[in-house]
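Below, chains carry the letters A, B, ... as their sequence lines are ordered, and counting in each starts from 1.
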Amino acid sequence: MTAKLSLRGVRKRFGAHDVCKGIDLDIAEGEMVCLIGASGSGKSTLLRCMNLLEPIDDGTIWLDGQDISEPGLDPQPVRQKIGIVFQSYNLFPHMTAAENVMLAPRRVRGLSRDDLRPKVTQLFTRFGLGDRMAHYPDQLSGGQQQRVAIIRALAMEPQIMLFDEITSALDPELVGEVLDVLRDLRGQGMTMVLATHEMGFARELADKVCFLDAGRILEEGPPDALFGAPREARTKAFLSRVL
Amino acid sequence: MAETSSPTRTDARTADAPTRREAYEAGVRRRANRIALISTVSVVLAIVLLVPLAPGWEAVQRAFFNGRVFAATFVGLLDAFLLNVMIFAWSAPLIALTGLVIALCRDARAPALFPLRLFGIVYTDIFRGLPVVLVIYIIGFGIPGLGLPRPWNSPYIWGTLALVLVYSAYVAEVIRSGIDSIHQSQRSAAASLGLSDRDTMRFVVLPQAIRNVVPANMNLFIALQKDVALLSFIGPVEIFRQAGVYKSLYANFTPYVGAALIFLALTIPATRYADYLMNKQNRARS
Ligand SMILES: Nc1ncnc2c1ncn2[C@@H]1O[C@H](COP(=O)(O)OP(=O)(O)O)[C@@H](O)[C@H]1O
Ligand SMILES: [Mg+2]
């Protein structure tokens with residue numbers, strides 16, 4: 001089985017600071033992979049490298065067997081195929097929820113608002129926001145904003161979705177509604193990579209969990225193995241802190 | 001041990017009676033207001049009573065606050081002020097547009113656009129570094145001096161150009177600071193959706209940046225309204241020049257006071273409004 005997305009020896013440096021020190025990772029079509037690890041271990045950076053928001057310094061990233069990490073390659077087609085949702089939502093505050101969602105499909109895929117409306121309405125309805133389309137981000141709760149951000153990424157019809165601690169900025173009672181969206185996507189067979197602190201969620205749904213430590217994948221495996229019987233001392237220490 | 005005093009319970013306090021703290025703060029506020037009032041009244045009284053005692057007051061009053069001259073010239077001044085308003089009205093949009101273009105030039109990142117960037121830097125450096133009146137003189141006298149045919153020798157055209165050059169440099173800097181103030185995460189979000197740099201600027205960054213700098217730009221346009229009067233040096237008979245004409249006619253300075261009042265009637269409300277917007281924005285940010 002060839003992987004949908006493959007990372008080989010990916011290195012990323014900020015100045016003198018080595019943030020990713022040679023990451024190897026395979027993500028198969030339809031798989032859900034969770035990245036766990038302490039704050040500062042490089043989860044966000046790794047995700048940003050995957051959809052070319054950060055250029056990598058060394059190594060290779062393959063998408064469907066194509067090298068997308070070649071310097072000078074146009075990142076835009078890649079970013080259309082790999083969507084990302086951020087911890088802090090990053091909605092455009094001057095646009096309504098619906099306009100947030102429609103901007104990229106209109107400009108990048110050349111669709112009109114009328115083309116988009118049925119599909120966008122359907123997405124909003126599916127994620128329980130059918131009556132919030134005309135609201136501005138500051139009129140929505142954190143959980144609602146994060147769901148709009150997910151819809152915004154989905155509207156580009158990506159093949160892979162990256163989620164960077166998307167529930168970390170939410171009040172505890174709002175986490176559930178966002179995790180439900182992820183469950184829904186999982187059910188639809190979306191290929192997903194999540195940086196997350198929701199260990200229960202990772203254990204329940206992930207195909208594979210990777211423990212990042214200081215820019216390396218120190219340990220990876222099926223959730224039951226990694227959570228139930230971690231091999232590395234540092235994994236054990238981390239899990240005992242967060243569980 | 002003798003019981004000297006014991007805290008008494010005050011359960012009987014009714015719900016809408018002020019709390020101890022509210023009562024105390026109301027007292028402090030009343031006191032502050034009283035002091036402010038007394039000090040203001042004494043300063044005003046001192047001015048009203050003492051200034052007329054000055055030896056030259058009679059002369060000053062006759063020269064600057066002459067009711068008859070004021071009444072005779074005020075309508076004419078208002079008429080002339082219409083010209084200021086018109087010059088302002090066609091300059092302001094040109095300035096806003098030019099300022100935006102220059103700001104975008106300065107923000108150009110592609111290497112091929114480096115000349116534009118350089119142009120933007122040189123432009124803003126030069127025109128922010130010169131007194132407005134000097135630019136008006138150089139352009140307003142210099143260019144028509146080339147012997148251009150009518151209407152191209154009109155001081156309106158070249159005076160307007162001078163205002164546009166200087167003020168667009170300031171507006172460009174303000175817009176650029178607005179662009180810088182938009183958090184990188186907004187650009188990241190746009191890029192992650194596959195939007196081009198151009199579309200990111202046009203649909204995501206600029207609309208937010210411009211909204212953020214509305215109050216700062218309002219202050220610039222208030223300054224512009226005042227500086228329109230400088231065009232009088234190269235010809236147009238706007239309110240300042242008209243006041244000068246009246247001054248000579250009546251041998252009296254009251255027309256200048258009239259002109260000042262007309263300016264203030266416009267600029268004070270505008271300044272207050274800009275401050276109000278600025279405060280509102282600061283509050284929203286914190
Ligand atoms: N743009 C950047 N410039 C410099 N250092 C960065 C940048 N982004 C992240 N880092 C550094 O890289 C390290 C990993 O950060 P990050 O990927 O955000 O980790 P995590 O998401 O696991 O908390 C941190 O030490 C952080 O300070
Ligand atoms: Mg992070």
In terms of heavy-atom pairs under 4.5 Å with chain B, the winner among A/Ile84, A/Leu52, A/Asn90 is A/Asn90
task = Indicate yes or no: does A/Lys21 engage A/Asp58 in a salt bridge with an N to O separation below 4.0 Å.
result = no
Could you tell me if the side chain of A/Leu5 sits less than 4.5 Å from the side chain of A/Thr191, heavy atoms only? no
With chain B, the option among A/Ser88, A/Gly83, A/Pro93 that has the most non-hydrogen atom pairs under 4.5 Å is A/Pro93
dist A/Phe163:CZ -> A/Leu179:CG (nearest 0.5 Å) comes out at 11.0 Å
Correct closest heavy-atom pair for A/Ile68 and A/Leu73 would be O-CD2, 3.4 Å
If one checks every heavy atom of A/Phe86 against chain B at 4.5 Å, the contacting part turns out to be side chain
Whatever's closer than 4.5 Å to a heavy atom in chain B on A/Leu162 counts as neither
Check your understanding: Between B/Phe81 and B/Phe263, is the gap from one ring center to the other below 6.0 Å?
Key -> yes
Okay, B/Arg198 and chain A: the region with an atom under 4.5 Å from a heavy atom over there is neither
Applying a strict 4.5 Å limit to non-hydrogen atoms, the region of A/Arg48 in contact with chain B is side chain
